[in-house]
Chemist: 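Below is a structure I'd like to ask you about.
Bear in mind the structure is a predicted one, so any value in this text is a computation, not a measurement. Side chains included, hydrogens not; waters and symmetry mates left out as well; all remaining heavy atoms used. Heads up: numbering here begins at 1 and tracks the sequence.
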Amino acid sequence: MASRLLLKTLSKRHRISSTPFPFLSKSSGSRSASTLVLAEHEGGSIKAQSLSAVVAASSIGENNSVSMLLAGSGSSLLKAAESAATCHPSLSQVLVADSDKFEYPLAEPWSKLVQLVQQQGGYSHVIATSGSFGKNILPRAAALLDISPVTDVVEIIGSHQFVRPIYAGNALCTVRYTGASPCMLTVRSTSFPVPPVSGDLKSDRAPISQVDLSTLDEDSIGKSRYIKLLSEDTERPDLGSAHIVVTGGRALKSAENFKLIEKLAEKLGAAVGATRAAVDAGFVPNELQVGQTGKIVAPELYLAFGVSGAIQHLAGMKDSKVIVAVNKDADAPIFQVADYGLVGDLFEVIPDLLEKLPEKKSIMLEMG
């Protein structure tokens, strides 16, 4: 029988924070800001992460004009544009780049598009989320514009002053951008939650405009080409935006054993996560990796089974509201950040949970 161990964390998140740098010159914030948000869409809908980028853009300044850039082709793009027009009250314009060149989100054509739209609109800020979409496009676009981006922003203090984590999230650094316009940012979607959408937004519709692509270089496709997309066909919620995440580590020992995590997640209506060790061992695809080199999550409840708590993994989940850890090793680092801990064998604990937990619908009703 596994003994229960309740551990309250003594030194939790946001332990170290640096102060602003007074010796840097003040950024030019005299003129009103205008922000371009690079948005990702799928199946005619704007992805939740991109909506977080709009929330971040709206916090730059009171007189900030926020435009959303969508690219793609066909009816899916037009449907996404209609959805974007009513997605947030601070959105003043939706820009649509309709071309076969943007059928897939490759960095080369997208970065050329960002350069073109920036030259046409003269934006003071360009924002994308710190997911694979933003990390792929923004650095290349920044190079074309000859500027240095500020990455992984978790808080916006002013139009050119931001907070970002360093040392795998163990410290927070306040930085001031003093370079040329535009100021380019990637933001953590978990740090800018999207408020519930009001029904009044239907009447407050942002105008939709087509981007003039006549001057876009014909060679903008570059040397990369789209091969295929590998994705799990599952009804589980998206890992980056789920309210509950169940994560397994190397202690599960095999892909077959990892199905225990999937069964528990299914019963809880949760997303499945994994450590880098579990991904490298081939238990699950790398799209489920949580951590510094994976996805950053901040769910209401984070359940970690057989996770040791390496600093790289903690960087991706330590901002979760409630963290519950199960591990055979009472000295595992994961217990230092866990709100609740259980020292026990996960191969005994998970089957016991599966037997005693109510069905998913009952759980969701209790949480709601």
Chemist: With sequence neighbours excluded, what pairs up with P105 under the side-chain contact (heavy atoms from CB on, under 4.5 Å) test?
Modeler: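 Per chain and number, P105 pairs via side-chain contact (heavy atoms from CB on, under 4.5 Å) with W110, F133.
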Chemist: I'd like a table of donor-acceptor pairs (distance under 3.5 Å, sequence neighbours excluded) in which one partner is a side-chain atom from residues 208-216, with atom names and distances.
Modeler:
residue, atom, partner, partner atom, Å
D212, OD1, S214, N, 3.1
D212, OD1, S214, OG, 2.8
D212, OD2, S214, OG, 3.4

Chemist: Please identify each residue that fulfils ring-ring contact (aromatic ring centres under 6.0 Å, His included) with H313, with sequence neighbours left out.
Modeler: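 Once residues adjacent in sequence are excluded, H313 has no partner under the ring-ring contact (aromatic ring centres under 6.0 Å, His included) criterion.
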Chemist: Going by heavy atoms in the side chains, are L69 and V37 under 4.5 Å from each other?
Modeler: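 Side-chain contact under 4.5 Å: no.
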Chemist: So, using salt bridge (Lys or Arg N to Asp or Glu O under 4.0 Å) as the criterion, who are the partners of E82 when residues are at least two apart?
Modeler: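 Only R205 meet the salt bridge (Lys or Arg N to Asp or Glu O under 4.0 Å) criterion with E82.
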Chemist: Return each pair, listed once, that meets salt bridge (charged side-chain N to carboxylate O under 4.0 Å, His left out) where at least one residue sits in residues 39-55; pairs must be two or more places apart or across chains.
Modeler: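 Passing the test, one end in residues 39-55: E40-K47, E42-K47.
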Chemist: Strictly by modelled atom types, are Y123 and T35 linked by a side-chain donor-acceptor pair under 3.5 Å?
Modeler: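 No donor-acceptor contact under 3.5 Å links the two side chains.
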Chemist: Could you tell me which residues satisfy salt bridge (Lys or Arg N to Asp or Glu O under 4.0 Å) with E256, sequence neighbours excluded, listed by chain and number?
Modeler: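 Testing E256 for salt bridge (Lys or Arg N to Asp or Glu O under 4.0 Å), a comparison that skips the adjacent residues, returns K259.
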Chemist: Verify the distance criterion only: is there a donor paired with an acceptor across the side chains of S111 and Q115 at less than 3.5 Å?
Modeler: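 The answer is no; no qualifying pair exists.
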Chemist: For S92, what residues pass the side-chain contact (heavy atoms from CB on, under 4.5 Å) criterion, not counting sequence neighbours?
Modeler: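 Testing S92 for side-chain contact (heavy atoms from CB on, under 4.5 Å), a comparison that skips the adjacent residues, returns S65, S67.
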Chemist: Residues in salt bridge (Lys or Arg N to Asp or Glu O under 4.0 Å) with E155, at least two apart?
Modeler: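 Scan of E155 (salt bridge (Lys or Arg N to Asp or Glu O under 4.0 Å), adjacent residues dropped) gives none.
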Chemist: With sequence neighbours excluded, tell me which residues meet salt bridge (Lys or Arg N to Asp or Glu O under 4.0 Å) with D152.
Modeler: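 Listed in chain order: R188.
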Chemist: Quick one: side-chain contact (heavy atoms from CB on, under 4.5 Å) partners of D238, sequence neighbours excluded?
Modeler: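 Checked D238 against side-chain contact (heavy atoms from CB on, under 4.5 Å); matches are Q49, S241, K295.
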Chemist: Please tabulate, one pair per line, all N/O donor-acceptor pairs under 3.5 Å involving side-chain atoms of residues 269-281, not counting sequence neighbours.
Modeler:
residue, atom, partner, partner atom, Å
T275, OG1, A278, N, 3.3
R276, NE, D280, OD2, 3.4

Chemist: Is any side-chain heavy atom of T247 less than 4.5 Å from a side-chain heavy atom of F305?
Modeler: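 Contact flag for T247/F305 side chains = no.
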Chemist: Sequence neighbours left out, what passes side-chain contact (heavy atoms from CB on, under 4.5 Å) with A84? Give chain and number order.
Modeler: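 Partners of A84 under the side-chain contact (heavy atoms from CB on, under 4.5 Å) test: I46, M68, L70, V94.
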